[in-house]
Amino acid sequence: MYRPHGFLPYSQLQFFEGHLSSKQVLERSHALGVSMTSYLGASFMLAIYHDMPALERKKPICISLPVNLRNYYPSETARNFFNSVCIAHTLTPEDTLETVAPVFNAKLKEVLKPENIRAQMDAYEKLEHIPGIRPVPLVIKNAAVKFFTELEDRHVSAVVSNMGRVSIPEGMKPYIHDFAAFSSCKTLFTVVCSYGDDLVLGTASALRSTAILQRLYREFAKDGLDVTLYATEVER
C-alpha cells in the first residue's frame with residue numbers, strides 16, 4: 001500500500017476547511033451512479049495518485065473509512081462505537097473520476113454488507129478467547145494494540161470519515177452559521193459533515209506538502225463545484 005511521504009512534527013499539523021454545496025456534490029455523485037462518500041473517496045485517490053513518485057505508482061492506494069457500528073448492532077453507549085473498513089485500488093495513468101468512482105463504490109458496498117461487518121467483528125472477538133490472553137496485564141495488552149495499530153496505519157494512504165448531516169433544534173438555527181470537524185492524525189484525515197447545503201471537509205494534515213489537497217480542490221472546481229477553502233498558515 002502507498003503511504004505519502006514527508007511528515008511534519010505532530011505539534012505542527014496543518015488544517016484545511018473546504019466548503020462545497022451538498023446539492024452539487026450529490027448531483028455529481030448521482031450522475032456517476034455512486035454515493036457521496038464514494039465520490040469523495042475516489043477524488044482523494046486520484047489526488048494522491050498524481051502526487052505519487054513515478055516508481056511507486058504501481059502500489060495500491062488505500063482509503064480508510066470509519067463505520068458507525070450502531071447501524072449494525074443495537075447499542076446505547078455514548079462512547080465511540082465504530083470500526084474501520086479500507087478501500088484499496090491500484091490506479092493507472094488513464095484513470096479518471098468516471099473510472100475510479102464506480103470501482104470505489106462497488107468495493108465500498110461489498111465491505112459494508114452486514115455479513116462482512118459481522119465477520120470482521122467476529123474475527124476481533126476470537127482474539128479474546130485465545131488461551132492465555134485474559135491473564136495478560138492490561139498495560140501489555142494496550143501496548144500490543146498500539147503496536148499493531150501503528151503497523152496497520154502504515155498501509156493507509158488517507159482517512160475519510162463521513163459524519164453525515166448535522167441536525168439541530170429549529171430554535172438554534174438562527175445562531176449557527178456552519179459546522180466543521182477535525183481529527184488529529186499521522187498522515188491525512190478528512191472529516192465530512194453537512195449542515196443545510198453546506199458540505200464541509202475538515203482535513204488535518206501531517207504532510208509537509210499541500211500538493212494533494214491543492215489538486216483535490218482544483219479538480220472539484222473543474223468538476224463544476226463551487227469551492228471555498230480556508231487553511232492555517234502552511235510551511236513553505
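For the single chain, residues carry numbers from 1 onward in sequence order. Excluded from the calculations below are hydrogen atoms, water molecules and symmetry mates; all remaining heavy atoms, backbone and side chain alike, are included.
- R165 places a side-chain N or O within 3.5 Å of a backbone atom of G196 that can act as its donor or acceptor partner.
- The shortest distance between side-chain heavy atoms of F189 and S184 does not fall below 4.5 Å.
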Please report the C-alpha distance between L8 and L13 in whole Å, then the side-chain angles of each, then the deciding distance to 0.1 Å, and finally whether the side-chain contact (heavy atoms from CB on, under 4.5 Å) criterion is met.
CA-CA 7 Å; L8 291 164; L13 290 179; over 6 Å; no
One pair to check against side-chain contact (heavy atoms from CB on, under 4.5 Å): V227 and L20. What are the steps and the verdict?
CA-CA 5 Å; V227 176; L20 308 171; 3.5 Å; yes
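- Residues I48 and Y2 are in side-chain contact: their nearest non-hydrogen atoms beyond the backbone lie under 4.5 Å apart.
- The list of salt bridge (charged side-chain N to carboxylate O under 4.0 Å, His left out) pairs with a residue in residues 92-108, not counting sequence neighbours, reads R28-E98.
- Within a 6.0 Å radius of CE in M163, no more than 12 heavy atoms belonging to other residues, nucleotides or ligands are found.
- Checked by atom type and distance alone, the side chain of D226 never pairs as donor or acceptor with a backbone atom of S21 at under 3.5 Å.
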Could you list the donor-acceptor pairs under 3.5 angstrom formed by side chains in residues 211-219, with sequence neighbours left out?
unit_1: Q214; atom_1: OE1; unit_2: R218; atom_2: NH2; d: 3.4
unit_1: Q214; atom_1: NE2; unit_2: T210; atom_2: OG1; d: 2.6

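- The side-chain heavy atoms of N162 and L65, taken from C-beta on, include no pair separated by under 4.5 Å.
- Two residues are said to be in side-chain contact when any heavy atoms from C-beta on lie closer than 4.5 Å; F7 and L207 meet this criterion.
- With a 4.5 Å cut-off on side-chain heavy atoms, L97 and Y39 count as touching.
- Rounding to the nearest 0.5 angstrom, the gap separating the CZ atom in R57 from the OG1 atom in T92 is 10.5 Å.
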Ignoring hydrogens and angles, write down the donor-acceptor pairs under 3.5 Å from the side chains of residues 168-179, residues two or more places apart or on other chains.
unit_1: E170; atom_1: OE1; unit_2: K173; atom_2: NZ; d: 3.2

